[in-house]
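Everything below concerns the one structure shown next.
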Amino acid sequence: MTLSSEHGDLGAEDLKIITLARSARARNGVPEGAAVRDETGRTYVAGTVELESLKLSALQTAVAMAVASGARSLEAAAVVSAAEAASAEDRAAVRDLGGPETPVLLAGPDGQLRSAVTAG
């Protein structure tokens, strides 16, 4: 199913991971929230990690959670952030697990889609 709206042409599953990422950001009071969907349809949701000895973006954390849970590939990734573009590091993490064609969706804090690029 593809939905056309203020989100562009996104399917219900892509809208779901944006919603989950937005919820993680708000619930945890962190700068970013992210969600990824693996090859079986499972989702992994995370927020920014900022410890003295460890700093990971929300998307890097979500990818790490997927890997740690046995995911072999990614179908899609979403990040909710005030940033204007998904970082090269975030796209690289998605590419490492999902491949260069995996979509990376960036939404603003309001949940509105800002960009959809491939991890490539």
Item checked: From CD (Gln60) to CE (Met65), nearest 0.5 Å -> 14.0 Å

Check: Is the side chain of Asn28 donor-acceptor paired with the backbone N or O of Ala24 at a distance under 3.5 Å, no angle test?
Finding: yes

Next item on the list: Could you tell me whether the side chain of Arg91 and the main chain of Ala86 form a donor-acceptor pair under 3.5 Å?
Entry: yes

Notebook entry, point to check: With sequence neighbours left out, which residue pairs that include part of residues 58-67 fulfil the salt bridge (Lys or Arg N to Asp or Glu O under 4.0 Å) condition?
Noted result: none

Check: Just wondering, do Leu113 and Leu106 contact through their side chains at under 4.5 Å, heavy atoms?
Finding: no

Check: Can you list the residues that meet the side-chain contact (heavy atoms from CB on, under 4.5 Å) rule with Thr48, with sequence neighbours excluded?
Finding: Val30, Pro31, Glu32, Glu50, Ala58

Next item on the list: Mind checking side-chain contact (heavy atoms from CB on, under 4.5 Å) for Ala71 and listing every partner two or more places apart, or none if nothing turns up?
Entry: Asp38, Glu39, Tyr44, Ala66, Leu97

Notebook entry, point to check: How would you list all residue pairs meeting side-chain hydrogen bond (donor to acceptor under 3.5 Å, both in side chains) that involve residues 61-78, not counting sequence neighbours?
Noted result: Arg37-Glu75

Check: Among pairs that include at least one residue of residues 99-120, which meet salt bridge (Lys or Arg N to Asp or Glu O under 4.0 Å), considering only residues two or more places apart or in two chains?
Finding: Glu84-Arg114

Check: With ILVMFWY side chains joined below 4.5 Å, transitively, what does Val45's cluster contain besides itself?
Finding: Leu20

Check: Where is the tightest heavy-atom contact between Ala76 and Asp14, given as atom of each residue plus distance?
Finding: CB-OD1, 3.7 Å

Checklist line | Residue pair Ile17 / Val36, side-chain heavy-atom distance below 4.5 Å | finding: no

Check: Do you know the tightest heavy-atom contact between Ala21 and Ala35?
Finding: CB-N, 3.9 Å

Notebook entry, point to check: What residues form a side-chain contact (heavy atoms from CB on, under 4.5 Å) with Ala107, not counting sequence neighbours?
Noted result: Ile18, Val80

Notebook entry, point to check: Looking at Ala77 and Leu59, what are the two nearest heavy atoms and their distance?
Noted result: CB-CD1, 3.8 Å

Check: For Leu51, which fellow cluster members are found when Ile, Leu, Val, Met, Phe, Trp and Tyr are connected by side-chain heavy-atom distances below 4.5 angstrom, either directly or through intermediates?
Finding: Val49, Leu54, Leu56

Item checked: Nearest heavy-atom neighbours spanning Ser81 and Pro109 -> O-CD, 3.4 Å

